[in-house]
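For reference, the structure is listed below as structure tokens.
Numbers restart at 1 for each chain; the letters A, B, ... are given by sequence-line order, proteins then strands. All heavy atoms count here, side chains included; hydrogens, waters and symmetry mates do not.
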Amino acid sequence: MPPKKRARVMKRTAKSGDSSETAPSKSKRKAAPTVETGETVAAPLPPCHWLMKSEPESRFENGIDVKFGIEDLKKMPDQTSCWDGVRNYQARNFMRQMKEGQQAFFYHSNCKEPGIAGLMKIVKEAYVDHTQFDKKDVHYDGTSKTDNPKWSMVDVQYLRMLKRFLPLTELKKYHLQHRSSGGPLKNMALFTRARLSVQPLTTDEFDFILSLEDEEPL
DNA sequence: GCCAACGTTGGC
DNA sequence: GCCAACGTTGGC
């Protein structure tokens, strides 16, 4: 049982309205027979790798420092922290799809050198983000009710630093390259879904990015 | 600090 | 339900 700890991550983007409530549970996950053949079609598998953004440099929001970099995670008891403060429905819905044991990249955003710093794993699946009810918290959401909480969080545990930091600029070069060549990063959410703070990675994307650890910087 | 991209709000 | 105005993200 991870002790109570605290990660302050990303800002909320809205405080009310559930209009983008596109809960993953509503997506068609079951195999369905096709009209033509009556054969079962493989259902798309939910994502199993992730990228999560957080700010490693001090920035004050309502007088509170929202800094939480990978070094901060490493210093937590059990090197484990809840990933609270996500206030975007798509990001939240991705967190709700996360399974214990899955790996996620720790991405440093809004800082001198944005990029992927390390690896962590999901150690507790989605549960209620208590900070939505805390008036003192930066991410307090007065529109969320305790009997129907809007926001979720997961617990993550530090795994390791990457052998070398993977700067956004380098990832972008690969992304552009792959857009013409059809390589693994051609659709990477980091570039196609710019403001999404919790995003899925395909196994191809995940493996390719990990392989860059052993490559010279591009 | 600027500002493009884009999610959210709310008037109609 | 459209869409303009607004607010936030996050690179540069």
Rounded distance (Å) that lies between atom P of dT9(C) and atom CZ of Arg193(A) | 16 Å
Could you check how far CG of Leu51(A) sits from P of dT9(C), rounded to whole Å?
-> 16 Å
Give the rounded distance in Å between these two atoms: CG of Asn93(A) and C1' of dG7(B).
-> 14 Å
Length of the NZ-C1' vector between Lys67(A) and dG10(C), whole Å = 18 Å
Between His178(A) and Phe208(A), how do the two ring planes meet: parallel, tilted or perpendicular, split at 30° and 60°?
-> perpendicular
Remember a base hit wins even if backbone is also touched, and classify Tyr107(A) as base, sugar-phosphate or nothing at under 4.0 Å, heavy atoms.
-> sugar-phosphate
Given dT8(B), dG11(C), dG10(C), which nucleotide is nearest the side-chain atoms of Leu168(A)?
-> dG11(C)
Salt-bridge criterion met for Glu61(A) and Arg59(A) (N-O under 4.0 Å) | yes
Does dT9(C) have OP1 or OP2 sitting under 4.0 Å from an N or O in the side chain of Lys53(A)?
-> no
Could you state the NZ-C1' distance from Lys172(A) to dA5(B), rounded to the nearest angstrom?
-> 11 Å
Within this structure, what is the CG-to-C1' distance between Asn88(A) and dG7(C), rounded to whole angstrom?
-> 13 Å
Co-membership, hydrophobic cluster, residues Tyr158(A) and Val154(A), 4.5 Å side-chain = yes
d(CG, Leu190(A); C1', dG10(C)) in whole Å | 11 Å
Using the six-membered ring wherever Trp is involved, compare the ring planes of His175(A) and Phe191(A) and label them parallel, tilted or perpendicular (cut-offs 30° and 60°).
-> parallel
In whole angstrom, what separates Gln199(A)'s CD from dG7(B)'s C1'?
-> 15 Å
